[in-house]
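Okay, so here's the structure we're looking at.
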There are 2 protein chains.
Amino acid sequence: MSRQSQAKAAKPESLETALGNTETIDFEIIELLFFSYRDFVSDPDAILASSGFGRAHHRVVHFVNREPGMTVADLLDTLNITKQSLARVLKQLIDSGYIRQVAGPEDRRQRKLYPTQAGRDLALALAEPQSRRIARAFEKVPPEMRPGVKLFLDGMRDRKTSEAG
Amino acid sequence: MSRQSQAKAAKPESLETALGNTETIDFEIIELLFFSYRDFVSDPDAILASSGFGRAHHRVVHFVNREPGMTVADLLDTLNITKQSLARVLKQLIDSGYIRQVAGPEDRRQRKLYPTQAGRDLALALAEPQSRRIARAFEKVPPEMRPGVKLFLDGMRDRKTSEAG
DNA sequence: AAATTTATGTCAACAAGACTGACATATCTT
DNA sequence: AAGATATGTCAGTCTTGTTGACATAAATTT
């Protein structure tokens, strides 16, 4: 935290002065992440708008499709939201026939989640434009550099401290 | 809304069946984008929580720092939100002394936006953990693949149809 | 000069999706 | 039998997005 800039009180807030550590900060990638994510979620948003669902529903349908049989607790861990937040959208998806619950065979307190056919259809419809966008973006990357994208994105995730945390 | 699933009443919804086009859809990158962005914004969120600001304030402070002198209209184009949404957070940032406005020298209707020293400090404090996360992620990418990341992220953006749209 | 357009601000109402806190129920574990 | 765990639910709050309507000042057009 070297805020040396405040020390030199000579100029009274010169307008054009930039940040001190500008050189060391990767503003460009920060912005690219913002813009790319903003546009990445805009595709499904348009589809969801017509069905009365939102982004939260999208996430639930996506992950239940990706891992059929996952429990409510699994989903909470994945989404990093509270159970009250999840409950609202999950209930709507169950009532609308996109997802159904089955009591766990071992532990009957658990509710294992499965997509219905409508749920699979919806997940696919939402993933399609996103996948097309990803394919388009990869076309601009030289083939030998493409594996780096996945490595980078994976490296951006928090490392799971499985427990003891 | 083709709810064909109800038509074929043969199988009573086999539980484990996955999506039809699973092969053609890049679910892996879709998820990596979700997880990486989720964790990417968690760093500044923690800092913002203590100052009473939110993500919306972060974006404004960031872009005004990146392009001092930008107008309100510029900011609206960048953020893709309504002026009423922007007004709320912008007013708070001005009242709190993080951003100030100057009437445009050519067009005096415009309000050119500049960060104060506090605004620059805040932008830097928020960018630092994000930049460190990005640096960590790049370490896992072979150097010759690194330029591909920027190309990919840029390719994910919507193409500006400057006007005529 | 008058009319219109543009840039910005503001009031009011609403919605999605996150949060906290409290409490209920069924089931598993000790 | 007692306690812990997985899930559900009620109720209220906050942030951040939306729409619609209207106000003001300054620039542009007629």
Side-chain angles (χ1 to χ4, degrees), chain A residues 34 37-38 41-42 44-64 69-96 99-113 163, chain B residues 34 37-38 41-42 44-64 69-96 99-113 163:
Chain A
F34 167 72
Y37 195 79
R38 182 194 68 181
V41 295
S42 72
D45 276 359
I47 299 172
L48 290 158
S50 52
S51 59
F53 290 144
R55 279 183 207 177
H57 304 84
H58 181 189
R59 290 172 193 146
V60 171
V61 168
H62 170 90
F63 284 109
V64 171
M70 76 191 307
T71 65
V72 171
D74 292 337
L75 199 44
L76 290 175
D77 278 354
T78 301
L79 300 174
N80 267 9
I81 59 176
T82 58
K83 65 175 175 176
Q84 295 93 329
S85 275
L86 173 59
R88 198 167 25 206
V89 297
L90 183 54
K91 194 171 194 306
Q92 291 169 341
L93 287 168
I94 291 167
D95 291 348
S96 311
I99 286 178
R100 60 206 175 101
Q101 294 178 312
V102 178
E106 321 276 278
D107 186 337
R108 297 193 19 167
R109 291 170 305 179
Q110 293 181 336
R111 295 288 174 271
K112 307 199 98 190
L113 303 172
E163 52 172 51
Chain B
F34 167 72
Y37 195 79
R38 182 196 68 182
V41 296
S42 72
D45 276 359
I47 298 172
L48 291 158
S50 51
S51 59
F53 290 143
R55 278 183 207 178
H57 303 85
H58 181 189
R59 289 173 194 146
V60 172
V61 168
H62 171 90
F63 284 109
V64 171
M70 75 191 306
T71 66
V72 171
D74 292 337
L75 200 44
L76 289 175
D77 279 353
T78 301
L79 300 175
N80 267 10
I81 58 176
T82 58
K83 65 174 175 176
Q84 295 93 328
S85 270
L86 174 59
R88 201 164 23 205
V89 297
L90 183 54
K91 194 170 193 305
Q92 291 170 341
L93 287 168
I94 291 166
D95 292 347
S96 312
I99 287 179
R100 61 210 173 99
Q101 293 178 310
V102 177
E106 321 276 278
D107 187 337
R108 298 195 16 167
R109 291 171 304 180
Q110 293 182 335
R111 296 287 174 271
K112 308 199 97 191
L113 304 172
E163 54 173 50

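Each chain gets a letter, A, B and so on, in the order its sequence line appears, and its residues count up from 1. Computation of the quantities below employed the complete heavy-atom set of this structure, encompassing side-chain atoms and omitting hydrogens, waters and symmetry-equivalent molecules. Because the structure is predicted, anything quoted here is derived from the model rather than measured.
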Inset, instruction - Would you tell me whether A/Thr71 and A/Asp74 have side-chain atoms, one donor and one acceptor, within less than 3.5 Å of each other? - result: yes
Inset, instruction - Let me know the distance between CD1 of B/Ile94 and P of C/dT8, rounded to the nearest Å. - result: 12 Å
Legend entry - Whether A/Arg111 side chain and A/Arg109 backbone form a donor-acceptor pair below 3.5 Å: yes
Inset, instruction - Over all heavy atoms of both residues, which pair between A/Phe34 and B/Leu79 is shortest? Give the atoms and the distance, please. - result: CZ-CD2, 4.3 Å
Inset, instruction - Report yes if a donor N or O on one partner sits less than 3.5 Å from an acceptor N or O on the other, where the partners are the side chain of B/Arg109 and the base of C/dT6; otherwise report no. - result: yes
Legend entry - Separation of A/Ile99 CD1 from A/Lys91 NZ (nearest 0.5 Å): 14.0 Å
Legend entry - Nearest-0.5 Å distance that lies between atom CD in B/Gln101 and atom CG in B/Leu90: 5.5 Å
Legend entry - Reported CZ-to-CG distance for the pair A/Phe53 and A/Leu93, which is rounded to 0.5 angstrom: 5.0 Å
Inset, instruction - Mind grabbing the angle between the end helix axes of the helix from C/dA1-D/dT30 to C/dT30-D/dA1? Five pairs an end, 10° rounding. - result: 20°
Inset, instruction - Could you point out which residue of B/His62, B/Arg88, B/Gln92 forms a side chain to side chain contact (heavy atoms under 4.5 Å, CB included) with B/His57? - result: B/Gln92
Legend entry - Side chain to side chain, A/His58 and A/Val41, heavy atoms closer than 4.5 Å: no
Inset, instruction - Rounded to the nearest 0.5 Å, what's the gap from CZ on A/Arg59 to CD1 on A/Ile81? Could you check? - result: 8.0 Å
Inset, instruction - Would you mind telling me which residue lines up with the more 5' stretch of DNA chain C, A/Gly54 or A/Arg111, judged by nearest nucleotide? - result: A/Gly54
Inset, instruction - Would you indicate what A/His57 reaches in the nucleic acid, counting non-hydrogen atoms under 4.0 angstrom: base, sugar-phosphate, or nothing? - result: sugar-phosphate
Inset, instruction - Please list, in 5' to 3' order, the outermost nucleotides of DNA chain D lying under 4.0 Å from any heavy atom of chain B. - result: D/dT16 to D/dA27
Inset, instruction - Provide, to the nearest angstrom, the distance between the CG atom belonging to A/Leu93 and the P atom belonging to C/dA16. - result: 14 Å
Inset, instruction - May I have the distance from B/Arg55 (atom CZ) to C/dA18 (atom C1'), rounded to whole angstrom? - result: 9 Å
Inset, instruction - Can you measure from OG (B/Ser85) to CG (B/Leu76) and round to the nearest 0.5 angstrom? - result: 9.5 Å
Inset, instruction - Output yes when at least one side-chain N/O atom of A/Arg59 is less than 4.0 Å from OP1 or OP2 of C/dA18, else no. - result: yes
Legend entry - d(CD, A/Gln101; P, C/dA26) in whole Å: 16 Å
Inset, instruction - Could you go through the side-chain contact (heavy atoms from CB on, under 4.5 Å) check for A/Leu48 and A/Asp45 one step at a time? - result: CA-CA 5 Å; A/Leu48 290 158; A/Asp45 276 359; 4.2 Å; yes
Inset, instruction - Return the residues of residues 76-92 of chain A meeting this criterion: a heavy atom under 4.0 Å from some atom of DNA chain C. Order them by number, or give none. - result: A/Asn80, A/Ile81, A/Thr82, A/Gln84, A/Ser85, A/Arg88
